[in-house]
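Here the structure comes first, spelled out in structure tokens, and everything after it is commentary.
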Amino acid sequence: MAGSRLEKFGTVFTRVRDLMRSGVIQDTPTWYEVFKAFPPKKDPVYVKPQYGFYKKDEFVADIFYEEDKIRAKFYEMYGTGPRLLDLSKSNYTSACQRFLETYSRLESLGELDMSALFEETGKILLAEGLVLRRKGAPVVSSEYRDPVLEFKLTDMLAEQQSGSAAEKQ
Amino acid sequence: MSQRSVACTGAQVLRHFGDLADQWQPDWARFPAQFYPIWQHRHWQRCDLLWVGTLASMAARVLTKGIWALCNPRFVPVGCSSHGHLSVAAAQIKSPQIQADINATDKILSQPLETEDFFRLSELFSLKDLFDARVHLGHKKGCRHRLMQPYLFGCRLDQDIIDLDQTVEHLRLALNFTAHVAYRGGIILFVSRRRQFSHLVESTARDCGEYAHTRYWQGGLLTNAPIQYGPGVRLPDLVVFLSTLNNVFQQHVGVRDAAKMNIPTVGMVDTNCNPSLLTYPVPGNDDTPLAMELYCRLFKITVNRAKDKRQQMELLHGLMTPPPPPTQSS
């Protein structure tokens with residue numbers, strides 16, 4: 001039962017190769033030829049844990065796009081949008097995405113200011129049926145409420161009493 | 001008794017036991033074809049279903065892998081005649097038919113290594129499949145492991161995004177290696193300490209006739225196996241980590257132990273894992289159920305394909321008698 005238990009020196013392959021070369025192991029392991037034919041991209045050498053500041057070449061870039069500026073303004077103004085985000089479908093377009101597509105289409109057409117473009121895009125989307133409600137703005141309901149529903153019984157009673165009092169006098 | 005993996009040719013099996021000529025041999029050493037030292041773990045006994053499954057799979061493995069000698073009438077006399085003292089000399093007396101068998105086996109083993117993608121595993125998945133399974137999503141910036149930095153595409157609003165182009169290449173290499181090891185009759189051990197996917201990993205292993213370990217890892221499982229599980233235990237030839245971390249977010253002990261016992265490892269490394277000791281690391285998400293199901297499915301298909309291919313090749317080269325056609329009951 002021979003082997004080398006030094007996992008911090010060399011790779012599995014180099015250790016087994018050297019053990020075979022020196023005659024400690026007689027039989028080739030099952031995986032040896034396969035490793036030789038298809039080596040991994042990087043040698044599986046043990047790397048000591050490094051503590052310290054990150055070096056310059058270890059930098060991971062932030063991912064930002066040009067459209068992120070418009071997305072940020074959209075979320076600031078309108079919040080997430082009227083619909084729920086359904087991420088289970090891969091071709092799902094959220095309200096923000098539709099806004100973005102219309103915005104970029106308008107931008108390519110003419111030379112307009114950003115705020116003006118925003119208004120135009122909002123109008124187009126309203127025409128298409130996507131209602132965008134500003135964050136914090138009062139609810140503008142499109143359905144009609146019967147004025148009778150606004151009556152309050154206490155007010156009516158008070159009116160009646162003041163009316164009868166006026167009649168008496 | 002050594003822990004080296006038993007090769008597939010009958011002559012090498014004999015030689016393996018041949019060097020015990022001067023020592024006591026247990027009963028099963030006299031009949032190497034029938035009694036095959038098999039990897040066991042007592043934790044499997046807890047799960048009845050799994051135990052039955054592993055028994056069935058072990059039985060299947062014993063029957064199909066390397067036990068062509070039993071079906072092959074030309075080979076059996078040599079084994080039986082030298083019972084009592086299996087010597088190296090007995091193994092070297094080879095009839096021309098056995099030599100032909102050995103040549104055929106060598107050809108079977110060497111031919112797949114010449115082709116780039118012998119098992120056509122690159123058609124199993126595409127970059128879009130990985131994206132849909134959310135393999136590219138990593139942890140937050142603060143959890144990032146230093147050594148994972150080369151595998152990252154970037155950082156979107158503090159969440160690390162893994163470079164799927166690199167993942168595709170690494171996954172291809174890893175699946176190819178797994179397939180070749182399975183083709184050569186190697187034992188594969190699937191390890192994952194994530195309780196959420198414990199059942200998935202165990203059923204994957206059962207479905208492809210390999211082994212799984214998703215419970216508490218005893219310290220001497222690989223390093224002290226002959227004493228804990230009896231002499232003559234065969235260690236796995238490949239350990240596949242579907243998650244390299246244990247329940248306290250430290251690297252799984254199995255990674256270091258497999259490297260110690262010179263066993264190659266394949267592992268899915270997330271952005272908070274250490275990829276340095278793994279032989280074939282695959283950068284990818286290990287938290288999403290969709291991603292884990294994808295990996296399990298890919299490994300299962302790979303191993304099954306490799307084993308079927310091996311059967312095919314053995315039939316082709318005349319090493320195995322084809323199974324009798326199923327009798328139809330009227």
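If you take NZ on B:Lys260 and CZ on A:Arg15, they are separated by 9.0 Å, rounding to the nearest 0.5 Å. The CG atom of A:Asp68 sits 7.0 Å away from the CG atom of B:Leu157 when rounded to the nearest 0.5 Å. We find the CZ-CZ distance between B:Arg256 and A:Arg5 to be 10.5 Å, quoted to the nearest 0.5 Å. One finds the CG atom of B:Asp158 at 7.5 Å from the CG atom of A:Asp62 (value rounded to the nearest 0.5 Å). Atom CZ of residue B:Arg134 and atom CG of residue A:Leu87 lie 7.5 Å apart, to the nearest 0.5 angstrom.
Residues of residues 34-49 of chain A having a heavy atom under 4.5 Å from any heavy atom of chain B, listed by number: A:Val34, A:Phe35, A:Ala37, A:Phe38, A:Pro39, A:Pro40, A:Lys41, A:Lys42, A:Pro44, A:Val45, A:Tyr46, A:Val47. By a heavy-atom distance cut of under 4.5 Å, not one residue of residues 149-162 of chain A is near chain B.
For B:Asn262, the parts lying near chain A are the backbone and the side chain together; criterion is any non-hydrogen pair under 4.5 Å. When heavy atoms are compared at a cutoff of 4.5 Å, B:Leu290 does not approach chain A at all. Residue contact with chain A, scored on non-hydrogen atoms closer than 4.5 Å, involves the backbone of B:Thr115 exclusively. Contact of A:Phe9 with chain B is not made at all, since no heavy-atom distance falls under 4.5 Å. B:Leu113 touches chain A through backbone and side chain together, each having a heavy atom under 4.5 Å away.
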- [ ] Run the numbers on A:Val60 and B:Arg144 for side-chain contact (heavy atoms from CB on, under 4.5 Å), then give the verdict.
- [x] CA-CA 10 Å; A:Val60 174; B:Arg144 190 192 306 158; 3.2 Å; yes
Task: Derivation of the side-chain contact (heavy atoms from CB on, under 4.5 Å) call for B:Leu238 and A:Trp31 - done: CA-CA 8 Å; B:Leu238 173 68; A:Trp31 53 268; over 6 Å; no
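Heavy-atom neighbours of B:Phe119 CZ from other residues, nucleotides or ligands within 6.0 Å: above the threshold of 12.
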